[in-house]
Structures are given as C-alpha cells and as structure tokens.
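Predicted model only: the values in this text are computed from it and were never measured.
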Number of protein chains: 2
Amino acid sequence: MKVEALLQLDNQLCFPLYAASRMVTKLYQPLLEKLDITYPQYLILVVLWESDALTVNEIGKKLMLETNTLTPLLKRMEIKDIIKRTRSKIDERQVIIKLTDKGSSLKQQALCIPTELLEGVKGQFPLERVDRLKNDLKALLEVLT
Amino acid sequence: MKVEALLQLDNQLCFPLYAASRMVTKLYQPLLEKLDITYPQYLILVVLWESDALTVNEIGKKLMLETNTLTPLLKRMEIKDIIKRTRSKIDERQVIIKLTDKGSSLKQQALCIPTELLEGVKGQFPLERVDRLKNDLKALLEVLT
DNA sequence: CACGATTGTATCGTGCACGATATATTATAC
DNA sequence: GTATAATATATCGTGCACGATACAATCGTG
C-alpha cells in the first residue's frame, strides 16, 4: 500500500481500536449505572472479585494502570463504600485494597452483565469472532508490553 | 462457559480492547511529540488531510466524537495554529475547520508514522493479523453503531 | 549501621470523553 | 409571518489517563 494511503483513517488500525473501545464502554454504562459504578471501577471490582486483598500495585499490573490513575479512582470507590484501603502492617509503603460487604455483594448483580452483552451482539457478531478478536487483542498486547 | 467464569478479567473482551487502545496511543506518543500534537489531535488532522474544510459535526461523525469533546480540542489546536475555526457564512450555526499552512505541512512529517509503527510490530505480529484485527474491529463497530 | 538506591503510593497539571444543559441559528407548520 | 421544532455549537461538571514530581518506607552495600 502507498505511504499516503496508510495515513488515511480507514486504513489505520488505531482508529477502530480507539473507537471500539469507547463504544464498548458506552455499552456497559446502562448496566453499570444500576450498580452505581463506572467502567474502570467495574474492572477493579472484577479483579478483586477474583482475588480480594490486593495492593495498589498488584491491581495496577493486572489492569495496566499506574498509581496516579488508581489512587484517586480507589479513593472514589472507598467513598462509595465498595472497597476499603488500609496500609499494610508488614510494609507500610503498601496499601491493601479489600472489598467491603457492599463491594462483595455487587458481584451477584454483575454476574449477568457479560452474558447479557454477548447475547446482544450474538446475532450480528458471532461468539467465535468475539473469541478471535479477544485473542488477537491479547496477542497485540503481548507484543506492546 | 460458566457465568462465573465469564466475569473473570481474562475471559472478557472488553479489557484487552480497553488496554490495547491505551497501549497503542502510548505507542504513537513519542512520534507525535515531534509534531507537538496529541493522539486525538492527530486523528483530527488525519481526517482534515484527507478532506479539508469540514464542519465540527462532520469531523465528529468521522471520529465518533461529540461537540463537547471536539470544541475544546479544536480550540487547543487553533491556539497551536494548526487549524483555523470560522463560522460558515451560509449557515451561521456551523463552524468550518480548515488546516493552516502549518497544519497542512505537518502531513509530510506524519507520512512515515503508520509505516514506522507497522515495521515495529511486524516481527511478532504479522500484517495479515493486523488486517484481520482491523476488520474485526470495524465489524464490531458496525454492530455497535 | 549509615547512606544512597529502590520501591510504593500520592500529588499536581493537562488533556481528553461524555452526560446534561444552554444558546443561537435555521427550518417547519400553521 | 410568528410560534415551535430542529440543528449546530458551546458550556459545565465529573471522572478518567498519564507524564512529571514528591515523599516516605525499605533495601542493599560498604
């Protein structure tokens, strides 16, 4: 392909990636509103529902986010009473993030979210393609990390 | 797959999409820094380099962005003297966005960007897979629009 | 054991995204 | 033609992202 053509929006990978990411976030929003959380807050909960009591750094590694993003985000979540932040006794530099009862109980309400969203696109975007897309994105992430 | 498993980070499509989008933006950053522009500003330029003199709305449709995002973004670009904003004479509600000489000339410096980035990943992520990923993302976008 | 390096979190500033709302201009209906 | 609706952009407030920097706790080395 010509260098000129590569610069066009339609030929770039970066734009559909950027746009699809925002669109998917919007897709989650009405469902997450019922739980009174944002999309990044949902991702943090997903991580904690899998294994509770993580440090800020551990959450950051899983979500590829730095503490300058996480600290204020976690503080907002603490205010909402879905997580608790406590300094580690062993290493006072670390802050341990634990789910509150409210945070734990949100999991039950969240269980239906992935299924509901997949059901919504299944007709026009088959599950096999979702899987292929997921794997390609993971592979790309590996390369970029 | 079990409902419980679907909620795990590793099985969700949304997370690699979100993370890959941010990673790719970071990949562009050192190259865009030389042009003194941000990633969303680059996307606006890509659109204008293809067809100059668009309204805010037309840019918004191409990039799937609302005016509440675009207006401040375009104002920052005007301050940098890479675009010019002028009210349309025919319809005074519309604002026409035109490249300045500086904005036009940036295209020459940007031409190498897509090639350079593709070269960088080619070894570990073949071009065929880039194309497949691009097409899958475009298809997903279609479904979500 | 002292002191410089490293690690973990926080703070600051800037730039998106976007829902909600405002305002001005044009189009439409009667 | 005037009231009303639709359209185009702008404004406001909130919540991310993230580079740069600060700071305290711990580690490593002589």
Side-chain angles (χ1 to χ4, degrees), chain A residues 14-15 17-30 32-33 36-45 54-80 82-83 85-97 144, chain B residues 14-15 17-30 32-33 36-45 54-61 63-80 82-83 85-97:
Chain A
C14 69
F15 174 65
L17 187 55
Y18 160 82
S21 175
R22 288 187 295 118
M23 286 296 153
V24 167
T25 302
K26 277 191 195 173
L27 200 64
Y28 272 84
Q29 214 180 303
L32 297 181
E33 241 164 35
D36 187 32
I37 54 175
T38 65
Y39 179 72
Q41 290 172 15
Y42 166 73
L43 290 180
I44 290 176
L45 286 177
L54 297 172
T55 67
V56 175
N57 227 327
E58 285 166 339
I59 294 175
K61 273 186 189 128
K62 286 175 193 285
L63 299 181
M64 302 187 189
L65 289 169
E66 305 294 322
T67 66
N68 50 8
T69 300
L70 285 173
T71 298
L73 219 170
L74 290 167
K75 281 185 178 174
R76 284 188 288 271
M77 292 177 79
E78 189 174 36
I79 289 170
K80 286 185 183 174
I82 50 187
I83 61 151
R85 298 159 66 245
T86 43
R87 287 269 161 194
S88 162
K89 294 263 165 61
I90 305 127
D91 184 341
E92 294 229 335
R93 290 172 302 181
Q94 298 186 129
V95 172
I96 312 290
I97 308 299
L144 300 183
Chain B
C14 69
F15 173 66
L17 187 55
Y18 160 80
S21 175
R22 288 186 296 117
M23 286 297 151
V24 167
T25 301
K26 278 190 197 175
L27 201 63
Y28 273 85
Q29 215 181 304
L32 297 181
E33 242 164 36
D36 187 32
I37 54 175
T38 66
Y39 179 70
Q41 291 172 14
Y42 166 73
L43 290 180
I44 290 176
L45 285 178
L54 297 172
T55 67
V56 175
N57 227 327
E58 286 166 337
I59 295 175
K61 272 184 190 129
L63 298 181
M64 303 189 188
L65 290 169
E66 306 292 323
T67 68
N68 50 8
T69 300
L70 285 173
T71 298
L73 218 169
L74 290 167
K75 281 185 178 175
R76 284 188 288 270
M77 292 176 78
E78 189 174 36
I79 289 170
K80 286 185 183 175
I82 50 186
I83 60 150
R85 297 159 67 247
T86 43
R87 287 270 161 196
S88 161
K89 294 262 163 62
I90 306 129
D91 183 343
E92 294 230 337
R93 290 171 301 182
Q94 298 185 133
V95 172
I96 312 291
I97 308 299

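Using a 4.0 Å heavy-atom distance criterion, B:Glu92 is classed as a sugar-phosphate-only contact. If you check every strand for non-hydrogen atoms under 4.0 Å, B:Thr25 touches nothing. Residue contacts shown for B:Ile97 are absent, as no nucleic acid heavy atom lies under 4.0 Å away. Using a 4.0 Å heavy-atom criterion, one finds that B:Gln29 contacts the sugar-phosphate atoms exclusively. Nucleic acid contact class of A:Thr38 (heavy atoms, under 4.0 Å, all strands): sugar-phosphate only.
Side-chain nitrogen and oxygen atoms of B:Asn57 include at least one within less than 4.0 Å of the OP1 or OP2 phosphate oxygen of D:dA8. Phosphate contact (OP1/OP2 of C:dA10, side-chain N/O of A:Arg85, threshold under 4.0 Å): present. Contact annotation: B:Thr71 side-chain N/O to D:dA10 OP1/OP2 distance is under 4.0 Å. Residue A:Arg76 places at least one side-chain N or O under 4.0 Å from the OP1 or OP2 atom of D:dC16. Taking only side-chain nitrogens and oxygens, A:Gln41 comes nearer than 4.0 Å to OP1 or OP2 of D:dC16. Distances shown here put a side-chain N or O of A:Tyr18 below 4.0 Å from the OP1 or OP2 atom of C:dA17.
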Stepwise side chain to side chain contact (heavy atoms under 4.5 Å, CB included) test for B:Lys75 and B:Arg85:
CA-CA 8 Å; B:Lys75 281 185 178 175; B:Arg85 297 159 67 247; 3.7 Å; yes
Working for side chain to side chain contact (heavy atoms under 4.5 Å, CB included), residues A:Leu54 and A:Ile96
CA-CA 6 Å; A:Leu54 297 172; A:Ile96 312 290; over 6 Å; no
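Classified by interplanar angle (parallel below 30°, tilted 30° to 60°, perpendicular above 60°), the ring pair B:Tyr39/B:Tyr28 is tilted.
One atom, NZ of A:Lys26, and another, C1' of C:dA17, lie 8 Å apart when rounded to the nearest Å. Summarising the geometry, the separation between NZ on B:Lys75 and P on D:dC12 is reported as 9 Å, rounded to the nearest angstrom. Distance, A:Tyr42 OH to D:dC16 P: 16 Å, rounded to whole Å. Here the P atom of nucleotide C:dG15 and the CD atom of B:Glu66 are 22 Å apart, to the nearest Å. Regarding B:Arg87, its CZ atom lies at a distance of 8 Å from the P atom of C:dT25, rounded to whole Å. The interatomic distance linking B:Ile59 (CD1) with D:dA8 (C1') rounds to 13 Å, in whole Å. Atom pair B:Tyr28:OH and C:dG15:P shows a separation of 22 Å (rounding to whole Å applied). Distance A:Asp91 CG to C:dT6 P: 17 Å, rounded to the nearest Å.
Listed for the B:Thr55 side chain is a donor-acceptor partner under 3.5 Å among the backbone atoms of B:Glu58.
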